[in-house]
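Here the structure is laid out as structure tokens; the discussion comes afterwards.
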Amino acid sequence: MKKLFIAICAMFMATSCCNNNPSQGCDKECCEQECNPVIETIMSRRSIRKYKDDVVPRELLDKIVECGIHAPNGMNAQQWEVRIVDNPEWLKSVTEAQVKAAAGTPMEKMFADPDMKNAFRNAPAVIFIGHKPGMCTQIDCGLMAGNMTLAAKSLGLGSVCMMGPLVFFSKPEGKPYLEQLGFSEGYELLLCVGVGYADEEPEARPRNKEVIKYVE
Ligand SMILES: Cc1cc2nc3c(=O)[nH]c(=O)nc-3n(C[C@H](O)[C@H](O)[C@H](O)COP(=O)(O)O)c2cc1C
């Protein structure tokens, strides 16, 4: 009886969804969006700006940055560096310095949210990406960040790419923090990726499919 039940389940699984390989001629929509874990991850990723306080295990951060450095990059030159900060005191300190620097300026209202935990969209871990400016390096770092956000999603974590909070690091008040990140000579901070356990489930932001055209 048990064997029969298992056989029926197996038959149901085989017929209710595709064979997980669209190239083999599957015409079911689930194959594209549900059964394929890569596509599912891409389509369900959202920028997360509310996080639980839970600490992100370093093994997961390690895996995320490892996925990052496996991104395609021009001539495999790898003109990038990565710094990971999961020290809440450091994130608090740089946030307080940003709030202080913004006081009395138009930036002040950005920090008026009483629920703000830190200046990095509240993420408990922040991955800073620097590049040695060159022809492809900004693109390379964007691809790296893309890999990181998808890796984070696939590991059950939320993430958000950010450039806004980095403006501060180019100001005199931000210089000590930039130095603490310790990028090598000739490298510039370009973007960062906040990572943590999501405390929100935002809707997908609309995408304009009109921008896509086949050229016959
Ligand atoms: C290069 C780059 C810079 C970004 N900078 C910020 C930022 O400073 N603050 C922020 O909240 N989101 C930032 N974002 C996230 C975008 O706002 C977000 O990706 C976009 O609205 C689409 O939403 P989605 O990621 O949920 O699909 C940035 C994204 C990228 C790729």
Side-chain angles (χ1 to χ4, degrees), residues 33 38-52 56 64-65 67-69 71-74 79-85 91 94-95 97-99 101-102 105-171 173-174 177-178 181 183 187-212:
Q33 296 217 2
V38 176
I39 293 175
E40 203 281 332
T41 301
I42 291 170
M43 300 308 277
S44 60
R45 182 211 56 81
R46 309 276 178 268
S47 289
I48 299 299
R49 298 180 177 90
K50 282 187 188 161
Y51 292 91
K52 296 176 182 159
V56 182
I64 290 167
V65 295
C67 289
I69 62 168
N73 65 100
Q79 301 289 286
W80 51 32
E81 287 188 351
V82 175
R83 301 289 180 263
I84 307 159
V85 180
L91 296 173
V94 73
T95 299
Q98 289 204 28
V99 171
T105 75
M107 300 284 286
E108 189 172 27
K109 64 177 184 306
M110 280 183 60
F111 297 107
D113 180 359
D115 294 330
M116 185 185 79
K117 291 178 184 170
N118 69 40
F120 302 94
R121 292 295 191 180
N122 312 308
V126 183
I127 302 165
F128 295 89
I129 301 173
H131 72 134
K132 190 173 189 182
M135 199 170 72
C136 309
T137 53
Q138 292 207 11
I139 296 168
D140 297 342
C141 291
L143 291 166
M144 170 190 262
N147 268 18
M148 288 180 180
T149 61
L150 295 175
K153 174 71 188 170
S154 74
L155 293 169
L157 291 157
S159 68
V160 57
C161 280
M162 292 170 282
M163 290 185 89
L166 303 187
V167 173
F168 171 73
F169 290 80
S170 61
K171 295 183 173 171
E173 304 93 314
Y177 296 96
L178 183 63
L181 290 177
F183 286 106
Y187 279 74
E188 293 176 6
L189 178 58
L190 183 64
L191 78 163
C192 64
V193 180
V195 178
Y197 289 97
D199 200 16
E200 63 170 354
E201 287 184 17
E203 289 293 310
R205 293 202 165 177
R207 298 304 205 249
N208 174 17
K209 288 192 177 175
E210 300 293 310
V211 298
I212 307 166

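Here the structure is a predicted model, which means the values were calculated and not measured. Order of appearance sets the numbers: ligands from 1, and atoms from 1 within every ligand.
- Within the 3.5 Å criterion, the main-chain N or O of A204 finds no donor-acceptor partner in the side chain of R207.
- Within the 4.5 Å cutoff, the side chain of N73 has no heavy atoms near those of the M144 side chain.
- Less than 4.0 angstrom separates some heavy atom of P165 from each of these atoms of ligand 1: 8 (O).
- Considering only non-hydrogen protein atoms, atom 21 (O) of ligand 1 sits nearest to R205 NH1, 2.8 Å.
- Not a single N or O atom of V160, backbone or side chain, sits closer than 3.5 Å to an N or O atom of ligand 1.
- Between F128 and F169, a ring centre-to-centre spacing shorter than 6.0 Å is recorded.
- Selection from C161, A119, G158 by nearest heavy atom to atom 31 (C) of ligand 1 gives C161.
- Using a 4.5 Å heavy-atom cutoff, the side chains of P133 and E188 are in contact.
- For the pair N118 (side chain) and A123 (backbone), a donor-acceptor distance under 3.5 Å is present.
- For ligand 1 and R207, the ligand atoms under 4.0 Å from any heavy atom of the residue are 22 (C), 27 (O).
- Salt bridge status for E203 with R205: absent, with no side-chain N to carboxylate O gap under 4.0 Å.
- The nearest non-hydrogen atom to atom 8 (O) of ligand 1, considering only G164, A204, S47, comes from G164.
- Heavy atoms of M110 found under 4.0 angstrom from ligand 1: none, in either backbone or side chain.
- The nearest pair of heavy atoms linking P124 to V56 is CG-CG2, 4.3 Å.
- In terms of protein heavy-atom proximity, atom 1 (C) of ligand 1 is closest to M163 SD, 3.7 Å.
- The heavy atom nearest to atom 17 (O) of ligand 1, out of those in R49, R46, M162, is found in R49.
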